[in-house]
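A, B, ... follow the sequence lines: proteins, then strands. Residue 1 opens every chain.
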Protein chains: 2
Amino acid sequence: MKRNGRPIIPKKTIYRLSIYLRCLARLRENGIGTVSSEALAKAAGVKSTQLRKDLAYFGTFGTRGLGYDVSELSQKISGELGTAQLQPVVLVGVGHLGLALLSYRGFEKEGFEIIAAFDTEPNRKREKKIAQPILGIREMPAFVAEHAVKMAILSVPVAVAQETVNALIKSGVMGILNFAPIVLAVPEDVMVNNVNLAIELENLSYFIQG
Amino acid sequence: MKRNGRPIIPKKTIYRLSIYLRCLARLRENGIGTVSSEALAKAAGVKSTQLRKDLAYFGTFGTRGLGYDVSELSQKISGELGTAQLQPVVLVGVGHLGLALLSYRGFEKEGFEIIAAFDTEPNRKREKKIAQPILGIREMPAFVAEHAVKMAILSVPVAVAQETVNALIKSGVMGILNFAPIVLAVPEDVMVNNVNLAIELENLSYFIQG
DNA sequence: AAGTGTTTGTGAAATGTTTCACAAGAAATT
DNA sequence: AATTTCTTGTGAAACATTTCACAAACACTT
């Protein structure tokens, strides 16, 4: 299926592309130049046919009888995901979790940089020193607009989550990584990814009962 | 479809049951005693037919023409998910993220209690005081076995993630909430839920370009 | 250069999930 | 008590995703 020229790639496939990218990175670190769909799929925890189907959505990069060139495939997936260039991100809500996320060094490696954080009490004393500036929530709209920030991490209390999202969207944010345990109402063209740790635990709890 | 007497409920349905449970909790807080599938579905961000199908997997609880009793439905879903009683959980890896998770007060409300944390350097000075004991990683096997812990949160560095999981499983852990950006190899009867923040951001990044 | 062995790419089949359409049941109204 | 209104529960249809099966393409060996 296609829409405006580009094929429509399933959400799940996009998710797996990210996983493949990480596996490829590790292969490259180990100096491995070529990999078969079988081997890469195993590393990613999927079936090899699924890996090939996933790649087929946006091109054909392999060599039959040999496999895929690790560097080339990395680049192609990176390009498709749009993580080739560094993306600015803001974080809103600097509580326990927000502070931990600001300290987390895993984003930069993947092409994202938290350039600022916002909180209702930016000067409240925190037990940890961090590199990014913490600004008042009132400064958020201007900052986001000025720096053309398109993505935000939301770690505010549930009570203010919806109003915070409204403000972010008004300022131009299109994608939100939401840690507040609430279903946010957003326009169709805005995307929300929810991370709810309690739900993940509940999920585990169910399936290990059998 | 059924297996050993119980119907097989899709993973996605289980996930949504957790969401319904949260929506119901909020309704109850607001003193609302009855809710229609239409209203609850809207609050949960799904279609009403889907909500009814989800519930139909394990029973029929509604009253036609009226809707569902909020308290009763909460109990039924809780019972199905197995979150009726408090579940002990351990956390392994007390770095930035682990520390934040230990401070997170959202688990208890949902029926989970982090009863202890483990780290290779339990006495390393940390900038935050927390309630749970931090023990050496060597004490983990005995502790987990003794307290019959079935679930663990894994926030260790990638390099030691697999060996840590092996040890946890050996001690009797059946469910793992994994924050390490790596695909863990586990036996069939052990369940892993991965939380990978970089992937979530990458995902957003892709869809807001479209 | 021919033959053998691998591995990709892809229609088709199988499986899984969501949505539709509507009968059936209960409440509310007249 | 009959009628209308509302809402559930569910088989069937539509849609989406995964897996299968195998031809095509290339590498490697002899």
Next on the checklist: Listing request: all ring-ring contact (aromatic ring centres under 6.0 Å, His included) pairs with a residue in residues 24-51 of chain B, at least two apart in sequence or in separate chains.
Outcome noted: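 Sorted pair list comes back empty.
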
Item to check | Pairwise ring-ring contact (aromatic ring centres under 6.0 Å, His included) hits with a residue in residues 85-105 of chain A, at least two apart | outcome: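 For residues 85-105 of chain A, and leaving out neighbouring residues, the ring-ring contact (aromatic ring centres under 6.0 Å, His included) pairs sorted by first residue read A/Tyr104-A/Phe107.
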
Next on the checklist: Within the 4.0 Å limit for protein heavy atoms, which parts of nucleotides 19-30 of chain C are touched? Write it as a string from 5' to 3', B for base, S for sugar-phosphate only, - for none.
Outcome noted: BBB--BBS----

Checklist entry - With distance as the sole criterion, is a donor-acceptor pair present between the side chains of A/Gln162 and A/Asn166 under 3.5 Å? => result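 Side chains of A/Gln162 and A/Asn166: pair found under 3.5 Å.
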
Item to check | Donor on one side chain, acceptor on other, B/Gln87 and A/Ser205, under 3.5 Å | outcome: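 Looking only at side-chain atoms, A/Ser205 and B/Gln87 do form a donor-acceptor pair, the distance falling under 3.5 Å.
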
Rounded to the nearest Å, what distance is computed from the [atom1] atom of residue [X] to the [atom2] atom of nucleotide [N]?
X: B/Ile9; N: C/dT18; atom1: CD1; atom2: C1'; answer: 17 Å
X: A/Tyr68; N: C/dT6; atom1: OH; atom2: C1'; answer: 13 Å
X: B/Lys76; N: D/dG9; atom1: NZ; atom2: P; answer: 11 Å
X: A/Leu55; N: D/dT18; atom1: CG; atom2: P; answer: 14 Å
X: B/Leu73; N: D/dT7; atom1: CG; atom2: P; answer: 16 Å
X: A/Phe61; N: D/dA25; atom1: CZ; atom2: C1'; answer: 17 Å
X: B/Tyr15; N: C/dT18; atom1: OH; atom2: P; answer: 14 Å
X: A/Lys12; N: D/dA16; atom1: NZ; atom2: P; answer: 13 Å

Checklist entry - With a cut-off of 6.0 Å (strictly less than), are more than 12 heavy atoms of other residues, nucleotides or ligands near CD of A/Gln132? => result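 Check passes, neighbour count above 12.
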
Next on the checklist: Quick check on B/Lys42: does its NZ atom have over 12 non-hydrogen neighbours (other residues, nucleotides or ligands) under 6.0 Å away?
Outcome noted: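 No.
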
Checklist entry - side chain to side chain donor-acceptor pair (under 3.5 Å) with A/Thr164: which residues, sequence neighbours excluded? => result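 Residues passing side chain to side chain donor-acceptor pair (under 3.5 Å) with A/Thr164: none at all.
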
Item to check | Pairs touching residues 177-204 of chain A that satisfy salt bridge (Lys or Arg N to Asp or Glu O under 4.0 Å), sequence neighbours left out | outcome: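 Checked against salt bridge (Lys or Arg N to Asp or Glu O under 4.0 Å) - neighbours excluded - the pairs reaching residues 177-204 of chain A are A/Glu202-B/Arg22.
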
Checklist entry - Please walk me through it: do B/Met140 and B/Leu168 pass side chain to side chain contact (heavy atoms under 4.5 Å, CB included)? => result CA-CA 8 Å; B/Met140 190 270 287; B/Leu168 283 166; 3.5 Å; yes

Item to check | Proximity to DNA chain D (any heavy atom under 4.0 Å), residues of residues 30-43 of chain B only | outcome: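 Contacts with DNA chain D under 4.0 Å: B/Ser36, B/Ser37.
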
